[in-house]
Amino acid sequence: MSRFLEQLAGLDRTVHEPARLAILTALSAFEAADFLSLQKLTGLTPGNLSVHLSKLEEASLVAIQKSFRGKKPRTSVSLTPAGRSAVEAYWQRLDGLRKQAGRWKAGASSRS
Amino acid sequence: MESYLARVRYLARHFSALQGLRMVPLGLFLLASELHRFTDHPLLQYKRADSLLLLAVPLVGAYVLVGRYYERRFGSAVAQRSAGGDALAAVGLLCWLLAAGWTDARLEALFHSRPVITGLTLGTWGLMIWGRRRERRHYLWLAAIAVAASLLPWPPRTQAGYMNVVLGVALIAGGVLDHLMLTRLVRGLGEGPHVEVP
């Protein structure tokens, strides 16, 4: 049980925050996505999305490219290799912890 | 939170596939190309090559407009799948369908001129799509309709158009239903996981 809690505490907090995890999960399906598609895929407000993207960029988990299409600004976001590894590792770890929690729960039920 | 993340994950994985309105122009093209079999109206008795050329122009235009609509409303994202793999799969499926049509023509006497093999092929496609993405239940229904339609006694003049008609209807219905699923999923995300930015 204590090992389980240690592992739970060790989850990367930059990735674990729900909105940032959603952004990384959404990006993991694409080579790159623009701001509007990320907004639609995560349901986040533009301001919220912008702040979380900045935090992810600071942590070098995403790369943001700003350009113009005519006069319209365009933001393109993609996962860095570190970001892709982090989100994949996160989901694998969470799936493992979920299984472990299931076994712990089953063990606790059989002991009671 | 898990339900929200599961929805995000599903939506991201199927984002391009659920933009179903992209299939509608092709569906309409297939239906329109077979109109001459179902009516004796003089305006619709055009030669095959002329009609296809005439229909191809609005098809391309409609496809471009639909693409722009999706980009304006849902943004754009570059999928990770290789274009080469998709093109190969499309060619393979087309060859399969042509082979089915050829087989139906050879077995005309056995099936009493019913396009059974083509119907089973289209039904199998629908099952394959549903099998890969179980939430898209409408493909199960479209598969059943394709098979059922192939067993109906089509009037002699129209049998040759069965494949295009059924495929056209399936593309339109499947495309619209996929699009409705996309809008429902996006709406269902609400305003994210309801967590304040720390």
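Each chain gets a letter, A, B and so on, in the order its sequence line appears, and its residues count up from 1.
One hydrophobic cluster holds both Leu167(B) and Met128(B) under the rule that ILVMFWY side chains link at heavy-atom gaps under 4.5 Å. The hydrophobic clustering, which links ILVMFWY residues whose side-chain heavy atoms are closer than 4.5 Å, places Tyr69(B) and Leu26(B) together.
Surrounding CD of Glu31(A) are more than 12 heavy atoms belonging to other residues, nucleotides or ligands, all under 6.0 Å away. In this structure, Arg68(B) places its CZ atom where only 12 or fewer heavy-atom neighbours from other residues, nucleotides or ligands lie under 6.0 Å away. Enclosure of atom CH2 in Trp141(B) is not indicated, since only 12 or fewer non-hydrogen atoms of other residues, nucleotides or ligands lie within 6.0 angstrom.
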inquiry  = Apply side-chain contact (heavy atoms from CB on, under 4.5 Å) to residues Leu21(A) and Tyr4(B) and explain how you reach the verdict.
reply    = CA-CA 11 Å; Leu21(A) 182 55; Tyr4(B) 162 72; over 6 Å; no
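Between Phe30(A) and Ala79(B), the closest heavy-atom pair is CD2-CA, 4.0 Å.
Note that OG1 of Thr25(A) and CG of Leu11(B) are 12.0 Å apart. Values are rounded to the nearest 0.5 Å.
Using a 4.5 Å cut-off between non-hydrogen atoms, the part of residues 69-82 of chain A that approaches chain B consists of Arg69(A), Arg74(A). At a heavy-atom cut-off of under 4.5 Å, chain B is reached by Ala32(A), Ala33(A), Asp34(A), Leu36(A), Ser37(A), Lys40(A), Leu41(A) from residues 32-41 of chain A, listed in order of number.
Under the side chain to side chain donor-acceptor pair (under 3.5 Å) criterion, the residue pairs touching residues 90-104 of chain B are Asp104(B)-Thr118(B), with sequence neighbours excluded.
Neither the backbone nor the side chain of Arg187(B) has a heavy atom closer than 4.5 Å to any heavy atom of chain A.
For Tyr63(B), the side chain to side chain donor-acceptor pair (under 3.5 Å) test picks out no residue, with sequence neighbours left out.
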